[in-house]
Protein chains: 2
Amino acid sequence: MSEPATPASVPRRGRKSEMSRGQILDAAARMLRRQGYGSTTLRSIAEVAGIQAGSIYYHFASKDEIMDAVMERGVRAVIDAVREALDTLPNDASHQRRIETAVGAHLQALLSHGDYTSASIRTYGEVPVAFKQKSLQLQQTYVALWQDMLAAAQADGAIRQDLDPHILRPLLLGSLNWTVEWYDPNQRPVEDIAAQAVDMLFHGILPDS
Amino acid sequence: MSEPATPASVPRRGRKSEMSRGQILDAAARMLRRQGYGSTTLRSIAEVAGIQAGSIYYHFASKDEIMDAVMERGVRAVIDAVREALDTLPNDASHQRRIETAVGAHLQALLSHGDYTSASIRTYGEVPVAFKQKSLQLQQTYVALWQDMLAAAQADGAIRQDLDPHILRPLLLGSLNWTVEWYDPNQRPVEDIAAQAVDMLFHGILPDS
DNA sequence: GCAAAAATCTAACAAACGTTCGATGGAAAT
DNA sequence: ATTTCCATCGAACGTTTGTTAGATTTTTGC
């Protein structure tokens, strides 16, 4: 059974398919965020999406495929936002400026694509490695981005030499990622969180110093 | 103290019951940490505990009761450790010293009672409020402890006045709580993480300043 | 050692799970 | 108007779920 030489490797789907696929993903992300992997059933996803459970299989081959798609989108939203923000920075931007920009973009993307990023974070440690191949690779790329940025800053003396970047990075990213658990958009703008996070990161919480 | 003539209204249980109950909780905490609430089955808990699934119901009335017990123990381990550490401090200890102590105790308890604290953190947002009544109350008490400590420090000028403690606290605790997702005891002692976390929190990551 | 109580096992239950598949409706193409 | 194909439905499947209850084993008190 060899593939025919048709240029479209993916069978061209109609427009409604794209829409339903999106609704399924939206519903899955919302359920995953609130209930985790095991408690998110295909029937509950279907109900939120407004279709029957069996119809999901026209768009996805399995529950795990939905998982991977949601998580990939969650990670990609953040990594794309941070990359783009860093790319629009002038080439001679300071390390300090770059870190500040990355933190702001990370938080903004994280909290505005709430369901996908929260689902990705919450579900990440909960599902077998085989179910998150695509998102796993993206995540490692993203970690490397931060690691390189911090290491470069330290090499140029923009960050204290006595700090271990392999502790700094997870402490910082953990602090940011955890915001999905407590941040309330009705209480404060994201910018306030980002500003104070950067301020604390750079200068600490002690007065004067 | 003299023992009463055993008018025990509560049926006095033998000693083995306590042991089995502990093994069930241990197994549940381990499964919950790795797979979350929905994917943790009573049969898998029973298998790890070395008993049959039905036998669990001699010790617990339902799956949810196990959940609540695990989460309560996770939160209690941390809150007790932090309280005790703060209590052994001299009464005239500085705010800085108190915060440093609390961070250290929080991290130490979090990472040494790994399964329970991790399960508690991971499962917390995943289960209905009705299933975590006991742990919910404890958690609110714990949050208040930190909030009061930080507010007191700020009132005395030990923390910068321009920082919002309602942003500072979740950012800090989030950073600490996230360590359960990445910390590897075979790589570094907990003390190294705690030391750098406190250092960064107090002085920031910029040089000199 | 023996009877009573405590603890566990075994087997089953209804419900819910992921998944499959033929039937069916609707929209686009002819 | 009819054909074609996309998208969904509806019902069923085999498994696994939390939970129950009676039989059975293990431990304890005398």
Side-chain angles (χ1 to χ4, degrees), chain A residues 4 6 8-28 31-32 35-70 123 126-128 130-132, chain B residues 3-28 31-32 34-70 123 126-128 130-132:
Chain A
T6 48
S9 57
V10 176
R12 61 173 178 82
R13 289 232 159 109
R15 281 155 200 115
K16 188 167 189 193
S17 179
E18 296 294 331
M19 222 186 71
S20 292
R21 197 187 145 96
Q23 281 176 252
I24 293 171
L25 283 182
D26 283 355
M31 302 300 295
L32 284 170
Q35 313 193 309
Y37 173 69
S39 303
T40 295
T41 71
L42 288 178
R43 283 174 176 82
S44 68
I45 293 176
E47 191 184 5
V48 172
I51 58 175
Q52 292 298 115
S55 307
I56 293 180
Y57 283 81
Y58 181 79
H59 304 275
F60 299 92
S62 68
K63 182 182 178 182
D64 306 331
E65 202 178 284
I66 303 180
M67 298 297 315
D68 205 2
V70 168
T123 315
E126 199 173 326
V127 304
F131 298 171
K132 51 178 179 181
Chain B
E3 285 287 322
T6 54
S9 57
V10 175
R12 60 181 173 77
R13 289 232 157 111
R15 281 153 201 116
K16 184 162 193 203
S17 179
E18 297 295 330
M19 221 186 71
S20 292
R21 198 186 142 95
Q23 282 177 248
I24 292 171
L25 284 182
D26 283 355
M31 302 301 293
L32 284 170
R34 320 204 171 179
Q35 312 192 310
Y37 173 69
S39 302
T40 295
T41 71
L42 288 177
R43 282 173 177 82
S44 69
I45 293 177
E47 191 185 4
V48 172
I51 58 174
Q52 291 300 114
S55 307
I56 293 181
Y57 283 83
Y58 182 79
H59 303 276
F60 298 93
S62 67
K63 182 183 178 183
D64 306 330
E65 200 177 285
I66 304 180
M67 298 297 316
D68 205 3
V70 168
T123 314
E126 198 173 329
V127 305
F131 297 171
K132 52 178 178 182

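No hydrogens, no waters, no symmetry mates; every other heavy atom, side chains included, goes into these values. All values derive from a computational prediction rather than experimental measurement. In the text below, chain A, chain B and the rest are named by the order of the sequence lines, each starting its count at 1.
- With rounding to whole Å, A:Ile56 atom CD1 is found 15 Å from D:dG10 atom P.
- The CZ atom of B:Phe60 sits 13 Å away from the P atom of C:dA7 (whole-angstrom rounding).
- The minimum heavy-atom distance linking A:Gln35 with A:Thr40 is given by the pair CB-OG1, 4.1 Å.
- Taking only side-chain nitrogens and oxygens, A:Tyr58 never comes nearer than 4.0 Å to OP1 or OP2 of D:dT8.
- We find the CD-CG distance between B:Glu126 and A:Leu32 to be 9.5 Å, quoted to the nearest 0.5 Å.
- One distance of note links CG of B:Asp26 with CZ of B:Arg21; it measures 11.5 Å at 0.5 Å rounding.
- The separation between B:Ile51 atom CD1 and D:dT19 atom P is 14 Å, rounded to whole Å.
- Rounded to whole angstrom, the span from the CD atom of B:Glu47 across to the P atom of D:dG18 amounts to 14 Å.
- Side-chain contact between A:Thr123 and A:Lys132 is absent, with no heavy atoms from C-beta onward closer than 4.5 Å.
- In this entry the distance linking CE of A:Met19 with C1' of C:dA27 reads 14 Å, nearest Å.
- When all heavy atoms of A:Tyr37 and B:Ser39 are compared, the pair lying nearest together is CD2-OG, 3.7 Å.
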Once each nucleotide of nucleotides 10-24 of chain C is scored for protein heavy atoms under 4.0 Å, what B/S/- sequence comes out, 5' to 3'?
B-B----BBBB----
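- Considering every non-hydrogen atom in both B:Ile66 and B:Phe60, the closest pair reads CG1-CG, 3.6 Å.
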Which donor-acceptor pairs under 3.5 Å do side chains of residues 41-55 of chain A form with protein atoms, sequence neighbours excluded?
from	atom 1	to	atom 2	distance (Å)
A:Thr41	OG1	A:Ser44	N	3.0
A:Thr41	OG1	A:Ser44	OG	3.2
A:Ser44	OG	A:Thr41	N	3.3
A:Ser44	OG	A:Thr41	O	2.8

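- Recorded end-axis angle for the helix from C:dG1-D:dC30 to C:dA29-D:dT2 stands at 20°, based on five pairs per end and rounded to 10 degrees.
- In plain terms, the two heavy atoms of A:Glu65 and A:His59 that are nearest each other are OE2-O, 4.3 Å.
- Going from atom CD of B:Glu65 over to atom P of D:dT19 covers 10 Å, rounded to whole Å.
- Per the geometry, NE2 belonging to A:His59 stands 13 Å off P belonging to D:dC6, to the nearest Å.
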